[in-house]
Amino acid sequence: MEYNFIEVEKKWQKYWENHQVFQAENNSEKPKYYVLDMFPYPSGAGLHVGHPLGYIASDIYARYKRLHGFNVLHPMGYDSFGLPAEQYAIQTGQHPAITTMVNINGGVDKAGNKIPGYEKQLKRLGLSFDWSRKYRTSDPSYYRWTQWIFIQLYNHYFDNNAQKARPIAELAEIFSKEGNLRINAACDADTPQFSANEWKNFSEKRKEEILLQYRLTYLAETEVNWCPELGTVLANDEVVNGVSERGGYPVVRKKMKQWSMRISAYAERLLQGLETIDWTDALKDAQRNWIGKSHGASVNFSIKGSDEIIEVFTTRPDTLFGVSFMVLAPEHELVREITTSEYKEDVENYIYETSKRSERERMAEVKRITGQFTGAYAIHPLTGDEVPIWIGDYVLAGYGTGAVMAVPAGDQRDYDFAKHFNIPIPNIFEGADLSEGACDSKEATLANSEFLNGLSVTESMPKVIAKLEEIGAGEQKTNYRLRDAVFSRQRYWGEPFPVYYADRMPKMLPEECLPLVLPEIDEYLPTEAGDPPLGRAKNWAWDTNKNKVVSNDLIDDKTVFPLELNTMPGWAGSSWYFLRYMDANNDQEFASKEALNYWKDVDLYLGGSEHATGHLLYSRFWQKFLYDCGLVPKDEYAKKLINQGMILGTSALVYRVRGTNQYVSNGLKEQYETDPLRVDVNLVGQGDVLDVEGLKKWMPEFEDAEFILEDGKYIVGREVEKMSKRWYNVVNPDDICEDYGADALRLYEMFLGPLEQSKPWNTQGLSGVSGFIRKLWRLYHTNEQFEVSDAEPTKEELKVLHQMIKKVQDDMDHFSFNTSVSHFMIAVNEFTRMKCNKRAILEPLAILISPYAPHLAEELWEKLGHKDSISYATFPVFEEKYLQDDTYSYPVSFNGKMRFKRELDVSVSRDDVESIILADEETQKWLGGKTPKKIIYVPKKIINIVF
RNA sequence: GCCCAGGUGGUGGAAUUGGUAGACACGCUGGACUUAAAAUCCAGUGGGCAUUGCGCCCGUGCGGGUUCAAGUCCCGCCCUGGGUACCA
C-alpha cells in the first residue's frame, strides 16, 4: 500500500479541527510557551510558496515544544484593516469588509477571479494553530480595545525624570502648584512656559490646549507626508525613497492638524530595551539607526537686533570657533520674523520653491545646492562675531531644532554650501588642507580656537561645553532622530477615533461606550469639501446625553458634537495584537490579568525584516506604555525574534528572435539576436523543458509561435528574482499540496536552506523529500502491509536513532531546521539499509519527525496502535551511552594533509598512538625516510605528523 | 557614503567550539526494468592529470598573515543582497 497523502492529510486536518487538538489552556500546570507569527494582511492574491516559510518553521517549533510538555500558544489572526481592500472598494464599490471576508474565506471577486482564501490555504498546510483565538483587527470586538488603548495614551504624559508614563491628571495637579517651569516632561517644542498663577488664570480651553501638548497621543499642526494619490498622510516608515510604500505614489510635505503618537518620548527606553531582547543584530541595528541617538551640545545664538535666539544642536561643539554662518530650515518658525525687508521677497520665493518640491525631488537632487540669505545676523556666543543667517533646504525642519551652526572647515555639506555662496571658510584645524573639502577627521587638532588651540576633539568637547554652560549659552545635549508618528489617516477602512470635538477641542468618548463602530458610507472617497471619507457618514455625531452616535442633523455643539473624521493607521491594530491572543474572546477587558500574567510575553516571534522600523518599533512603544500603566507584566513583549528570509522565484525565459515570432531554445540563443520574455514557470517541466503546446494556449501572442529546438526540446533560461505575479514565477502552495502533499511542502521549505537566508524556489527539488516520505512509509510496511516487530533493536540501530535525537535537539536550539531534514534522510537511509522495522526504533522516529511531517506521523502513530494524537507524545530522551564507540577511525595527516585512516581504540594512550602510527607502513611511506618533528594527537579528532 | 548579512561543485546547501571540505538533496551521465515513456531501482558525479593498479596535484571571492592544522581566526581588498541616507 503506497502512501496516500491526499487522504491522510485530509483525515488528520479534520481530526485536529474536530478535537480542537491545538487549543491552548489559559490556566495550566504546564510551563507556557508562546510562538507567534507576524500578523498577516489577508490579500486577495493568496499565498505563494514564499509566505508559509515562517509559518512552517514556527509550527515545527510549536509542535516540538508540545512534545516537551509545554502548554503552547500558537495563534493566528488577521490584520484586516488597510489600504488594498479600500482601494478595491474605491474601484468597485464593494465594501472592504466583504473584500476582507472573501480574501480570508475564499470566493470570487467582482471581476470573477477565484480567490483561494487565506485561511483555507493555511489550514491545508497542517499548521497547529489554536483557531479558537482567531480574530480580525476590523472586528468591532477587537478594535474596541484599540480605541480603548488610544484613550489611555491620551490620558497620560511622559515624565522624563522617571522615564515613564504618568496620568495626565497628575500633571494638571503639578501645574496648579508650580506651573511647568520645573517639570521635565515630554512635550511639543512650542509649549509655552507658565507659572502656577498663570495656569490658574488660564481658561479651561487654554488649559486643555496646553495639556494636549503633553499627552502621549496629541492633536497638533505638524509637518506630514501627504500622499495626494492615496489621499492620506503617511508615517515616516510608510514612505520609501520619497514615495509611498504602497503603490509608489509621490509624497509631499504639508502642514496639517493630525493625531500623533509621542513615541519620541520613549526613544531612550526603546534603545535600552534592545539590550534585553534576543533579536537579530541586523534588526537591532536598524532600530538603533532609526532612533538615532547622538551626543553633542545645544548652543544658543542670539540674533542681532532681536530678542529671539536660535538654538542649534551640534555633535561637534569643539568646532564652534569655525562657525562662519548659520542655516535654518526654510520651515523654521523664526525665518519670517528675522528676515530683513531687503531680502523678504527672495526668502518668500525660496520658501515657496522648496515647499513645491516633493521629498523625492529633494532627494534626487542631493547634489544641488540651494539657499537664501535672510539679511539677519546671529551673534557668536564666544567671539561676539556677527554670523550671517541663511536658509537652505539641506537643513531639515524635523531634526534637532531645524537650524545648524555651519562649520565649513569641518563639515562637507557646510563646506559645499560655503563654496557655492562664497562664504568664508575659516580654518580651525592644525595643518588641515581645505582646498578640496572639509576636514571631518576626529583625529584633528584644533587651531584658531582661542582656549581650545592645540587640543584634540575629545579633549575640547567637555571644555567648550563647560564654557557654554558657564555663560548660559548652551549645554550638553543628547538628541534623537526618532520623530513622533502621525496617527491619522484620511481613510475609511481603519479604526475610528473614539473622539468628538467640542469647541474644536478633542474629547474622548466614555470608555464604556466603546466600540465606536465604523459607519456606513455611500462612497469610499473624500467629500467634495475635502474631508476624509467619514465626512460622508450621515450619522456621525456624538450625543453626550444619550451617549450614542446620532444623526449629523442633531449637532448643536452643546450636547451633540461632531465625531472625528480621520481613522487610525494600519499599524494601530498590530501594535498590541499579541496581547489579545492571550485572551482573545474576553469582552470585559483587552485581556484578563490572569491570562496576561500566565502568558506574559512571546517566547518566539517569527516574521520578515521589513517591519524593522515600523510595526516592531510601534508595538514595543505601546507595550512599554501599557507596562507603565501596570496593564501588562513585561516591558518587552517578544523575547526572541527571528527574521525568515525570502523565497525567491526562478523565472523562466524564452528567447524571441528579434523581429519575428520565433523562439529559440536556451542553448542556441547565442546564434541569434534575441529578446528574453518571461513565461509561466508552471509550463516548465523536468530539465527546464518547456511545454510548448501549453505555452501556445497560455497567451494569444504565442498561438502561432514557432520554436527552434535543441535535441527536440525547448529549454528555457532561468533567472532568480522576487516571486511576483508580474514575472509569472509564482508557485501556489495549493498546487504543491495537490501534487506532493503538505508534509512534502513543509519538509522541502525547511530543507531548502537556513531559515534566515533568502533562497530560490525550485519545484523540481521536491522529488527528493517526496521520495524520502515514501521511503519512511516503507520502513513501517512489509509487502505493502503495515508490519513492525517487537524485537530488541541492535546496538547499531540504537546508535543511528540516538544520533538523530541529538541532532534534532541541537538543531532546534539553533533553529537550523534544514540540517534536521537532512539528518532524517540519513537515518531513514540507514534504517532502510539495515531493514529495521522494530517498534523500539520506529516509534521514536515517528515522534521525531512529527513536527515536520505531522500528517504522516499521526497516521503512523495510529497504525502503531496509539489512540491519542502524536502531538502530545513525549519526545524521545537522548542517551549518550548509545553513541559511545570503542574505536575511532583517525584521519592521519602529514603536515596538515589527510593521507589515510587508522581505526584505533579510543582508550589508547598518547605514547601508544605515536608508536602505533610510526610503526605503520603507510606512515613510513609518507615520511620518505625523514624524522617527524612533532606528532599532534587530539583524541577522537585527528593525528597530525609534522616533518 | 554609512550600517548589516553573505560569497563553498552545474544547483540548493553541509561542515555548531580551528581538526577528514563538498554531508543530504536536486540536476546530469551510464545501467536495470519496459514495446516505449513515466515511475522505480543501481552506479558514477569539485577541477585537472593519470586511468595499468595504486594514485597524485589543485581547490571554500582575491591578496597577505597567525597556526602542527584555516571554509572557520587576524589584516587589506573585490563582489552580491538587504537596510538607510543632506540627521548637523
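Just so we're clear, the structure is a prediction, and the values are computed from it rather than from any experiment. Chain naming here is simple, since letters A, B, ... match the order of the sequence lines and numbering starts at 1 in each.
As judged by a 4.0 angstrom heavy-atom cut-off over every strand, A:Gln757 is placed among residues touching the sugar-phosphate backbone only. Across all strands, A:Ser758 comes closer than 4.0 Å only to sugar-phosphate atoms, never to a base (heavy-atom distances). Residue contacts shown for A:Lys806 are absent, as no nucleic acid heavy atom lies under 4.0 Å away. Using a 4.0 Å heavy-atom criterion, one finds that A:Arg902 contacts no nucleic acid atom at all. A:Lys901 comes within 4.0 angstrom of a nucleotide base, judged by non-hydrogen atoms across all strands.
Here B:A25 is the nucleotide among B:A25, B:A85, B:U16 with the atom lying nearest to any side-chain atom of A:Phe751. Checking B:A14, B:U20, B:G12 against the side-chain heavy atoms of A:Pro754 singles out B:A14 as nearest. For A:His814, the side-chain atoms get nearest to B:U16 when compared with the rest of B:U16, B:A88, B:G83. Here the side chain of A:Leu396 is nearest to one of B:A88, B:C3, B:G12, namely B:A88.
A:Asp411 pairs by the salt bridge (charged side-chain N to carboxylate O under 4.0 Å, His left out) definition with A:Arg413, not counting sequence neighbours. Judged as a ring-ring contact (aromatic ring centres under 6.0 Å, His included), and not counting sequence neighbours, the contacts of A:Tyr64 are A:Tyr61, A:His68, A:Phe875. A:Glu268 meets the salt bridge (charged side-chain N to carboxylate O under 4.0 Å, His left out) test with A:Lys293; sequence neighbours excluded. With sequence neighbours left out, the salt bridge (charged side-chain N to carboxylate O under 4.0 Å, His left out) criterion links A:Glu721 to A:Arg678. Judged as a salt bridge (charged side-chain N to carboxylate O under 4.0 Å, His left out), and not counting sequence neighbours, A:Glu610 has no contacts. Residues passing the side chain to side chain donor-acceptor pair (under 3.5 Å) test with A:Lys799 are A:Asp885, sequence neighbours excluded.
The glycosidic torsion of B:G9 lies within 90° of 0, which places this base in the syn conformation.
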Pairs: protein N or O with nucleotides 26-28 of chain B N or O, under 3.5 Å:
unit_1, atom_1, unit_2, atom_2, d
B:G27, OP1, A:Gln686, OE1, 3.4
B:G27, OP1, A:Gln686, NE2, 2.9

Give me the distances for all protein-to-nucleotides 65-70 of chain B N/O pairs that come in under 3.5 Å?
unit_1, atom_1, unit_2, atom_2, d
B:C68, O2', A:Asn944, ND2, 3.2
B:C68, O2, A:Asn944, ND2, 2.7

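By the 30° and 60° cut-offs, the orientation of the rings of A:Trp761 relative to A:Tyr748 is perpendicular. The aromatic rings of A:Phe824 and A:Tyr852 sit perpendicular to each other, their planes meeting at more than 60°, with 30° as the lower class boundary. Between A:Phe313 and A:Tyr399, the ring planes lie perpendicular to each other; the angle is over 60°, past the 30° to 60° tilted range. Note on ring orientation: taking the six-membered ring where Trp is involved, the planes of A:Phe894 and A:Phe900 are tilted (angle from 30° to 60°). Ring orientation note: the planes of A:Phe421 and A:Phe417 are tilted relative to one another, at an angle of 30° to 60°.
Nucleotide B:G19 holds its P atom 16 Å from the OH atom of A:Tyr890, rounded to whole Å. Atom CZ in A:Arg413 sits about 6 Å away from atom C1' in B:C86, given to the nearest Å. Distance, A:Glu610 CD to B:C4 C1': 16 Å, rounded to whole Å. Counting to the nearest Å, the P atom of B:C3 and the CZ atom of A:Arg288 are 14 Å from each other. In this structure, CE of A:Met646 is placed 8 Å from P of B:G83, rounded to the nearest angstrom. One interatomic measurement links the two molecules: NZ of A:Lys941 to P of B:U20, which rounds to 9 Å at whole-angstrom precision. The nearest whole Å value for the distance from the CD1 atom in A:Ile369 to the P atom in B:A88 is 19 Å. Taking atom CD1 of A:Ile773 as the reference point, atom C1' of B:A39 lies 17 Å away to the nearest angstrom.
Comparing the P positions of B:A43 and B:C24 gives a spacing of 12 Å, expressed to the nearest Å. To the nearest whole angstrom, the two C1' atoms, one in B:C56 and one in B:G64, are 28 Å apart. Annotation: B:G27 and B:G22 have their C1' atoms spaced 16 Å apart (nearest Å). Between B:C4 and B:G55, the distance separating the two P atoms is 48 Å to the nearest Å. Distance noted for atom C1' between B:A32 and B:A14: 31 Å (whole Å). B:G7 and B:C74 are spaced 15 Å apart, taking the P atom of each and rounding to whole Å. The gap from the C1' atom of B:G6 to that of B:G61 amounts to 11 Å, rounded to the nearest Å. Taking the P atoms as reference points, B:U34 lies 37 Å from B:G10, given to the whole Å.
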Step-by-step side chain to side chain donor-acceptor pair (under 3.5 Å) determination, A:Asn729 to A:Lys722 = CA-CA 8 Å; A:Asn729 61 6; A:Lys722 210 174 152 167; over 6 Å; no
Candidate pair A:Tyr394 and A:Asp414, rule side-chain contact (heavy atoms from CB on, under 4.5 Å), full reasoning | CA-CA 9 Å; A:Tyr394 84 93; A:Asp414 296 345; 2.7 Å; yes
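At the phosphate of B:C87, neither OP1 nor OP2 sits under 4.0 Å from any side-chain N or O atom of A:Arg483. Between A:Asn818 and B:A14, a side-chain N or O to OP1/OP2 separation shorter than 4.0 Å is present.
Among residue pairs with one or both ends in residues 894-904 of chain A, those qualifying as salt bridge (Lys or Arg N to Asp or Glu O under 4.0 Å) are A:Arg902-A:Asp920; sequence neighbours excluded. Evaluation of the salt bridge (Lys or Arg N to Asp or Glu O under 4.0 Å) test over residues 801-824 of chain A, restricted to residues two or more places apart or in two chains, returns A:Lys806-A:Asp810, A:Lys807-A:Asp811.
Residue-to-nucleotide proximity on RNA chain B shows that, of A:Pro760 and A:Arg774, the 5′-proximal contact is made by A:Pro760. Along RNA chain B, the nucleotide nearest to A:Ser294 and the one nearest to A:Lys759 differ in position, and the one closer to the 5' end is contacted by A:Lys759.
Counting only Watson-Crick and G-U wobble pairs whose two key distances fall under 3.5 Å, RNA chain B forms stems of three or more stacked pairs at B:1-7 with B:78-84, B:10-12 with B:24-26, B:27-32 with B:40-45, B:46-49 with B:55-58, B:61-65 with B:73-77.
The side-chain contact (heavy atoms from CB on, under 4.5 Å) test with A:Ile391 is passed by exactly one of A:Val327, A:Ile351, A:Thr370: A:Ile351.
A side-chain donor-acceptor contact under 3.5 Å links A:Asp484 to the backbone of A:Ser264.
Contact check of residues 822-835 of chain A against RNA chain B (heavy atom, cut-off under 4.0 Å) returns A:Ser822, A:Met825, A:Ile826, A:Asn829.
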